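Some notes on the structure that comes next.
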There are 2 protein chains.
Amino acid sequence: MTEVNKRTQIKNAAAKLFRKKGYRATSMQDIADALGIKAASLYNHIKSKQEILTELLMNIALAFTAGMDDIRNSSLDENSQLEELVNLHVNLTFKYKDSIALITGEWVHLDPEILPQYLEKRNNYEEAFMAILESCQKKKLISESTNLDIALFSILSSLHWLYNWHNKNPDLGKIELAAQLKKILLHGLISPKK
Amino acid sequence: MTEVNKRTQIKNAAAKLFRKKGYRATSMQDIADALGIKAASLYNHIKSKQEILTELLMNIALAFTAGMDDIRNSSLDENSQLEELVNLHVNLTFKYKDSIALITGEWVHLDPEILPQYLEKRNNYEEAFMAILESCQKKKLISESTNLDIALFSILSSLHWLYNWHNKNPDLGKIELAAQLKKILLHGLISPKK
DNA sequence: GCTCAAAACTAATGATTATTAGTTTATTTT
DNA sequence: AAAATAAACTAATAATCATTAGTTTTGAGC
């Protein structure tokens, strides 16, 4: 019944392996074994190992920029935009469980020809994120003394790393996870002094 | 004047390369080139490529557990202990600029014989961190509704990722960086409503 | 300048690996 | 069922790489 493209199966298996062992440590053998075929047979469906990595990463990059565009084109206030960004990360983490893990380290193995395209998308995303933080600071939602570079880095670290946590605690739902993250990331761990 | 052991030079060069290209993508050639010698000559100083990775990672693990022990054996209150943990990460990030980057991803390439030892140290560290968070919650410094698993994951994500940020902004000093992180991580990004 | 050890070099080995070529088997279309 | 296409297989290639063996160079202490 499950009409899953072989090409997609290959990409899914590869994503899982790239995540666990890393791109370089994953052989075409490994991927083929996961599908019960011989390594050479993979080439009936894909062009190269590099193509798999490229498509996995570019797909993720597209999903993030599309989500960011939606948020920026919305009429939400700054505070809600920040919350929607957290939602975006949580949603994509659930949706692309395996391949999202590649954005923290495996992107370095992209072909030198592709790498700049990937990094450009990444930069655009971070700049858009920063723009929202700046709006917040202008509206005094964020204190003037806060270094926004550090704030951005800190939030993105947690959100990039989410997939790791999600794998260890698959029981906690999307909504609860997003709510907790908003509380901790945006409003702080330590209860404000009364 | 600088009497640096060749062995140390090798480990330093390797750390830089492992960080940039990953363990598997870094060849002994690469390391040798960085030192202006031939690959085979490395073996006059080290046992294997794996030995380099092991020593780099175990060194970091030791530094973290030692720092954690100091904090737990201190008589600081819970709040200050949390702040000292941030200091610990910032200090080690400055001290082990390159090799600290390996803790986010390259530890998976540790020999299967060594890996459990590494993971045990890592677990111990995280459990000690969690114990401090639990004390904070018991003392109402952290709200009862906060999920401490998520809080721990979130803080550690930012602190693990620090080396990345530090490399892009080497101009900001330790003290300023630590102060900002304490503010953002512990007391939140969004100013509390008055 | 000789001795000895440390540390460099050259050359080879064996293993792994991504990819290609050529062939056979399965499946779909006609 | 014949033909055509898709997808599997076997076998080979060429490159890379960690590591070893054996040899030469370097440099400090005598």
Side-chain angles (χ1 to χ4, degrees), chain A residues 1-57 99 102 106-115, chain B residues 1-58 99 102 105-115:
Chain A
M1 303 303 108
T2 55
E3 295 288 321
V4 194
N5 200 356
K6 194 61 157 263
R7 200 184 155 79
T8 314
Q9 285 179 254
I10 293 175
K11 282 166 67 176
N12 287 344
K16 233 182 270 264
L17 287 162
F18 290 169
R19 172 188 180 163
K20 194 168 91 176
K21 326 186 5 170
Y23 176 74
R24 292 294 282 244
T26 300
S27 66
M28 297 304 275
Q29 271 288 355
D30 292 333
I31 301 172
D33 286 351
L35 299 172
I37 61 176
K38 298 289 161 128
S41 306
L42 293 171
Y43 290 86
N44 284 317
H45 307 279
I46 52 131
K47 204 163 82 15
S48 66
K49 187 185 178 188
Q50 176 66 213
E51 186 195 47
I52 302 176
L53 182 68
T54 300
E55 290 192 4
L56 288 174
L57 276 170
S99 53
L102 308 178
E106 301 303 317
W107 57 269
V108 299
H109 299 114
L110 282 171
D111 254 3
E113 213 202 337
I114 303 287
L115 187 56
Chain B
M1 305 304 107
T2 54
E3 294 288 321
V4 194
N5 201 355
K6 193 63 160 254
R7 201 184 154 78
T8 313
Q9 285 177 255
I10 292 174
K11 282 166 65 177
N12 288 342
K16 232 181 270 262
L17 286 162
F18 291 170
R19 174 190 179 162
K20 194 169 91 176
K21 323 185 9 169
Y23 176 74
R24 292 295 281 246
T26 300
S27 67
M28 297 303 275
Q29 271 288 357
D30 292 334
I31 301 173
D33 286 351
L35 300 172
I37 62 177
K38 297 291 161 124
S41 306
L42 292 170
Y43 290 85
N44 284 318
H45 308 279
I46 53 131
K47 204 161 83 16
S48 66
K49 186 186 179 187
Q50 175 67 213
E51 187 195 45
I52 303 176
L53 182 68
T54 301
E55 292 193 3
L56 288 173
L57 275 170
M58 282 304 186
S99 53
L102 308 178
E106 301 302 318
W107 58 269
V108 299
H109 299 114
L110 282 172
D111 253 4
E113 213 202 337
I114 303 287
L115 187 56

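Remember, predicted model here, so these are calculated numbers, not experimental data. Excluded from the calculations below are hydrogen atoms, water molecules and symmetry mates; all remaining heavy atoms, backbone and side chain alike, are included. Labels below follow one simple rule: chain letters A, B, ... track the order of the sequence lines, proteins then strands, and each chain is numbered from 1.
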d(CE, Met28(A); P, dA15(D)) in whole Å:
19 Å
With Leu115(A) as reference, evaluate Leu110(A), Val108(A), Leu57(A), Thr54(A) under the side chain to side chain contact (heavy atoms under 4.5 Å, CB included) test and give the passing residue.
Leu110(A)
Is any side-chain N or O of Lys47(B) closer than 4.0 Å to OP1 or OP2 of dT19(D)?
no
Does a side-chain N or O of Lys38(A) approach OP1 or OP2 of dA11(D) to a distance below 4.0 Å, or not?
no
Looking at Glu55(B) and Lys47(B), does any basic side-chain N land under 4.0 Å from a carboxylate oxygen?
no
Take atom CZ of Arg7(A) and atom P of dA6(D), then tell me their distance rounded to the nearest Å.
15 Å
NZ of Lys6(A) versus P of dA6(D): gap in Å, rounded?
15 Å
Interatomic distance, His45(B) NE2 vs dA6(C) P [rounded to whole Å]
11 Å
Nucleotide nearest Ala40(B) when distance is taken to its side chain, options dA21(D), dC17(D), dA18(D)
dA21(D)
Whole angstrom is fine here: how far is it from CD in Gln29(A) over to C1' in dT19(C)?
13 Å
Side-chain H-bond candidate by donor/acceptor type, Asn44(B) with Ser41(B), under 3.5 Å:
no
Among Lys21(A), Lys16(A), Lys20(A), which residue meets the side-chain hydrogen bond (donor to acceptor under 3.5 Å, both in side chains) test with Asp30(A)?
Lys21(A)
Is there a side-chain polar atom (N or O) of Ser41(B) under 4.0 Å from OP1 or OP2 of dA7(C)?
no
Atom CG of Asn44(B) and atom C1' of dT26(D) are separated, to the nearest Å, by 13 Å
Return the value, rounded to whole Å, for the distance between atom OH of Tyr43(A) and atom C1' of dT23(C).
19 Å
Nearest-Å distance, CG (Asp33(A)) to P (dC9(D))?
11 Å
